[in-house]
Amino acid sequence: QVRVVERGGDSVQAGESVTLYCEAHGYDFSSGCLAWFRQGPGKEREALAAILMARNTTDYEDFVKGRFAATQESPNMVSLQLSGLKPEDSAVYYCAANRFGCGGWVSGMDYWGKGTLVIISS
């Protein structure tokens, strides 16, 4: 069965860093796409970044460039490095997977993880 599992959520102080990890199981995603999203309290889900696994290329939403970094760790695993964290970054961070490609990733993905919580205090 296909499943997507996130880990690494933590409670940290403003200005610190957290690295999250996502593993996709039950399918060969080496030609697919793994992407990161988040949803804060009272907010809609936000797209953050997506990695096309075969090419190891990353599509970032503009507002996260220079502060968040998505990296391919293995054919079925990616990470998300969160730096210079602010209280407004507090959210559940989700990983999602597509079997083929990253086209339209902001609005639709095939499989979703359950999320991992990141809390930033001031």
Closest heavy-atom pair and its distance - [X], [Y]:
X   : Y    : value
C33 : A50  : SG-CB, 4.0 Å
A70 : A49  : CB-CB, 4.0 Å
Q13 : S121 : NE2-OG, 3.1 Å
A69 : Y60  : CA-OH, 3.5 Å
K43 : E88  : NZ-O, 3.5 Å
A35 : M109 : CB-CE, 3.8 Å

Hey, do the aromatic rings of W112 and F37 have their centres closer than 6.0 Å?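 Centroid separation for W112 and F37: below 6.0 Å.
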Restricting to side-chain contact (heavy atoms from CB on, under 4.5 Å), what partner residues turn up for T19, sequence neighbours left out?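 Applying side-chain contact (heavy atoms from CB on, under 4.5 Å) to T19 gives Y21, S79, Q81.
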Report yes if the side chains of [X] and [Y] come closer than 4.5 Å at any heavy-atom pair, otherwise no.
X   : Y   : value
H25 : V2  : no
T71 : V78 : no
L48 : L80 : yes
K65 : D62 : yes
L85 : V18 : yes
N76 : S30 : no
F68 : D89 : yes
L82 : L20 : yes

I need the [X] [atom1] to [Y] [atom2] distance, nearest 0.5 Å.
X    : Y    : atom1 : atom2 : answer
C22  : E73  : SG    : CD    : 11.0 Å
Q72  : M77  : CD    : CE    : 10.0 Å
R7   : C95  : CZ    : SG    : 11.5 Å
I51  : C102 : CD1   : SG    : 8.5 Å
L117 : S90  : CG    : OG    : 8.0 Å

[X] with [Y], same ILVMFWY side-chain cluster at under 4.5 Å:
X    : Y   : value
V106 : W36 : no
F63  : Y94 : no
L52  : L34 : no
V4   : Y27 : yes

For the side chain of N56 and the backbone of M53, is there at least one donor-acceptor N/O pair under 3.5 Å apart? no
For E6 and K114, indicate whether the former's side chain and the latter's backbone hold a donor-acceptor pair under 3.5 Å. yes
Verify whether one side chain among W105 and N98 offers a donor that lies under 3.5 Å from an acceptor in the other.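 Looking only at side-chain atoms, N98 and W105 do not form any donor-acceptor pair under 3.5 Å.
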Check this for me, if you would: do D28 and R99 make a salt bridge, where the nitrogen-to-carboxylate-oxygen distance has to be below 4.0 angstrom? no
If you draw the axis of the six-membered ring of Y111, does the NZ or CZ of R3 fall within 45° of it and under 6.0 Å from the ring centre? no
